[in-house]
Amino acid sequence: MQQILNYINGSFQAANSGEYLDNYNPATGEVYSLIPDSDATDVELAVKAAKAAFPSWSALTREERSEHMLNVSKRITERLDELAEAESTDNGKPVWLAKRVDIPRASDNFKFFATAILHDSSELHDTDGKFLNYTLRQPIGVAGCISPWNLPLYLFTWKIAPALVSGNTVVAKPSEITPMTAFLLSQICDEVGFPKGVLNIVHGLGGKVGSAITEHVDVPIISFTGGTETGKTIARIAAPMFKKLSLELGGKNPNIIFDDCDLENALKTSLNSSFANQGQICLCGSRIYVQKGIYNEFKTRFVELVKEMKVGDPKSADVKLGAVVSKAHFDKILSYVELAKQEGGTVLCGGKEAKTDLGGWFIEPTVIEGLDEQCRTNQEEIFGPVVTIQSFETEEEVLAYANGTKYGLASTVWTSDLTKAHRVAAQLHTGIVWVNCWLIRDLRTPFGGVKQSGVGREGGWEALRFFTEPKNVCIPLH
Ligand code: TXE
C-alpha cells in the first residue's frame, strides 16, 4: 500500500503521530493508498522551515526564482501521463480529462507565473518635480495555501506558483481526499532543487491541518479554495489576526440561452458546462434557463444527448463521466435529487446511481425541470452531475433568476445579438461571464466571484498583487 509522505524542510516524512488515513480510489471504492494523519505539530515544523527559508528565497532575483518555476513546469510536462493516471485514480475523473486539462494546466500555472514575474512592473511618480514616489512590491512571508479535491493539481499549483515566484515561502495542504498529485509534485520540486523549506506540504484533515495553518501566527497570508462554509470558518479565524485572505468558494452558475442563439453550439457546449468533471467544477452551469420560444426543442434534444453520455471506468477513453469523488459526496448528490423530487421537480433523465461492475461511486447525468426558483435545489450548490432547467420569457425575468442566489461566481450567456450580450453581461452579478462559449480561460484574466462565491481574485496580475505587499516610498529630488 503506497504511503504518501509530508514534505517538510526538504525531507519526506511521516506525520509526528505516525498515524495514516485511508485514501480511496472513487472508481473502485477501495483504499489504495495512505496519507499522513498530520496535526498542528507537523504544521509547526513546516512553518518553522518556511520561515527559516524566507530570507534567502526572497533575496533571490526574480530570474532565479523564475528558473525554478520553469524547471517544475517542464518536469510536470515530462511526467504528464503518470500524473494524469494518478489524478484520475485519486479523483475518479476520466484520465483523458486529466491528460487534456488538469495536468497541462498545472504545468502552465508554473510557466505562466515564471514569465509574468519577469514582466511585472510597479509605478513611479514624479511629484511636481520635487519628489519621487515609487512603489515596492515585496513578498510577505510564509503563505498558507489550502486547496480542494475537484481539480487537485490544477488548483494546488495555481496557488503555490504565484506565491513562490513572488518570493514567499509556502506551507500547503491539498485535500485529504485527493493528495496524490501534490505528493508527486513535492518529489518534482525536490528533484529540481528547491532549497529546503521553500515549499512544505503537510497532508491531513482540514479541521486539524488546515485549521492549524489558518491559525498560525507566522502565516500572515492564506489562499483558500473550497466550500463556502469552510471559507466562513477560515475568515472567522483570520480576521482578528488581520491576515490577508483569498477565498475562492462555491457557485450556482446560471446558463442563459436566448432564442436567438446558435442552438447547435449552445446544446453541445451545455453538455460540457453541465457535466464536465462529473459536474464537480465550481464554474459548471448548474441552472439552465432557456427562452420560451426554443424551450421545448432545446429541452428535448438536450435530454436525448444527456442520455447518450457514457458513465463508467475513468481509465477508458470513451467515458464522458467517471466516478464522483467520495462516498459522502455520492450520497450528498443523490440526496439533492430526492430533495428536488420533494420540491416538485420532475427528473427528465438520470437521478440515480449509474450501474457499473467497478464497485465505485458513479451517478447518471441528471436533468430536472419544474422547480420553483427559490427552492433549495435551485439555491444550493450540489457540485455533481445534476442540472435544473426552466424557461423564461424576458431578459428582465432571467436576470432576476440568474442573480437570485447567494452565489456570484460565473455565468454563461447564449445569444447572437452582441448588443444584448454586452448589456446582459454588464448586469450579471458574477465575477466571470462567458458569451457563446464556456471555460475559455486566459491565465492573464482575474478569476473569482462575488457575494458568497468568495473574496479577492486569483490568476494573472491579481495573484502577483495578492502575494506581495505594495510599499510607497517618497523621496525628495533636490
Ligand atoms: O470543501 P472543503 P470540499 C464546494 C462544493 C463541495 C463543498 C465541500 O460544493 O461540495 O465545497 O467540498 C480544507 N480550516 N467546493 O469538502 O471542505 C480541506 O481539507 C482549513 C467548491 O472539498 O472546503 C480541503 O483541503 N481548511 C470549490 C479544502 O479545505 C479546511 C471546490 C477544501 O475543503 C477546513 C471544492 C478548516 N476548518 C468544493 N476544513 C471550488 N470553489 O472550486 C476543510 N479544510
Side-chain angles (χ1 to χ4, degrees), residues 2-14 23 33-36 38 46 49-50 53 56-57 60 63-91 93 95 98-117 143 145-149 151-176 178-204 223 443 463 467:
Q2 182 172 6
Q3 285 184 342
I4 287 170
L5 294 172
N6 290 336
Y7 179 58
I8 297 176
N9 203 26
S11 76
F12 292 96
Q13 51 192 269
N23 183 38
S33 57
L34 299 170
I35 86 164
S38 308
S56 49
W57 178 252
L60 291 183
E63 287 73 10
E64 287 167 327
R65 290 197 297 268
S66 170
E67 195 56 37
H68 281 290
M69 301 297 126
L70 285 174
N71 291 338
V72 174
S73 171
K74 283 182 202 127
R75 200 63 65 87
I76 290 174
T77 302
E78 286 163 8
R79 292 176 59 172
L80 174 81
D81 290 346
E82 174 202 355
L83 289 165
E85 280 294 331
E87 198 74 296
S88 171
T89 302
D90 219 14
N91 171 276
K93 68 179 69 200
V95 69
K99 266 189 194 154
R100 191 185 307 168
V101 175
D102 295 69
I103 308 307
R105 175 58 191 274
S107 176
D108 288 346
N109 285 340
F110 276 98
K111 185 160 56 177
F112 173 82
F113 287 107
T115 44
I117 194 72
C145 297
I146 301 170
S147 54
W149 49 254
L151 302 166
L153 196 61
Y154 176 135
L155 292 175
F156 186 75
T157 53
W158 206 21
K159 294 176 185 304
I160 66 173
L164 290 169
V165 85
S166 303
N168 304 286
T169 51
V170 167
V171 175
K173 191 200 90 66
S175 172
E176 58 274 32
T178 52
M180 188 56 76
T181 46
F183 172 55
L184 296 175
L185 179 73
S186 62
Q187 293 174 336
I188 288 173
C189 292
D190 196 58
E191 283 159 21
V192 303
F194 267 47
K196 65 180 188 174
V198 167
L199 171 64
N200 304 275
I201 300 178
V202 184
H203 293 275
S223 176
L443 296 191
F467 283 111

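In what follows, every heavy atom counts, from backbone to side chain, and hydrogens, waters and symmetry copies are set aside.
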Report task. Measure from the side-chain N and O atoms of W57 to the backbone N and O of G197, and report whether any donor-acceptor pair falls under 3.5 Å. Result -> no

Query - Pairwise side-chain contact, F112 with W158, heavy-atom cut-off 4.5 Å (strictly under) - result: no

Query raised in the report: Is a donor on one side and an acceptor on the other found under 3.5 Å between the side chain of D102 and the backbone of A84?
Result: no

Query raised in the report: Is any side-chain heavy atom of L34 closer than 4.5 Å to a side-chain heavy atom of Q3?
Result: yes

Requested in this report: Would you check if the side chain of S56 reaches a backbone N or O of A53 as a donor-acceptor pair within less than 3.5 Å?
Outcome: yes

Query - pair I146-K159: side-chain heavy atoms closer than 4.5 Å - result: no

Report task. Please examine the side chains of F194 and V72, heavy atoms only from C-beta on, and report whether any two atoms are closer than 4.5 Å. Result -> yes

Query raised in the report: Below 4.5 Å, heavy atoms only, C-beta onward: do F183 and I201 meet side chain to side chain?
Result: no

**Report entry** Check: R75/N71 side-chain N/O donor and acceptor closer than 3.5 Å
**Finding:** no

Requested in this report: State whether the side chain of N200 and the backbone N or O of V170 hold a donor-acceptor pair below 3.5 Å, judged by distance alone.
Outcome: yes

Query raised in the report: Is a donor on one side and an acceptor on the other found under 3.5 Å between the side chain of K173 and the backbone of G204?
Result: yes

Query raised in the report: Does P148 offer a backbone N or O that forms a donor-acceptor pair with the side chain of S175 under 3.5 Å?
Result: no

Query raised in the report: Do P152 and M180 have side chains that get closer than 4.5 Å, going by heavy atoms?
Result: no

Query raised in the report: Is a side-chain donor or acceptor of E87 paired with a backbone partner of I103 at a separation under 3.5 angstrom?
Result: no

**Report entry** Intermediate values then yes/no, side chain to side chain contact (heavy atoms under 4.5 Å, CB included), N109 and L443
**Finding:** CA-CA 8 Å; N109 285 340; L443 296 191; 4.1 Å; yes

Requested in this report: Determine yes or no for a side-chain-to-main-chain donor-acceptor pair under 3.5 angstrom, with N91 supplying the side chain and K93 the backbone.
Outcome: yes

Query raised in the report: Do D90 and T181 come within less than 4.5 Å of each other through their side chains, counting heavy atoms only?
Result: no

Report summary line: All heavy atoms of H68 vs all of V192, minimum pair found to be ND1-O, 4.3 Å

**Report entry** Any donor-acceptor pair under 3.5 Å from S73 side chain to D108 backbone
**Finding:** no

Query raised in the report: Can you find a heavy atom in the side chain of Y7 that is under 4.5 Å from one in the side chain of L5?
Result: no

Query raised in the report: Which heavy-atom pair separates A143 from A163 by the least distance, and what is that distance?
Result: CB-CB, 4.2 Å

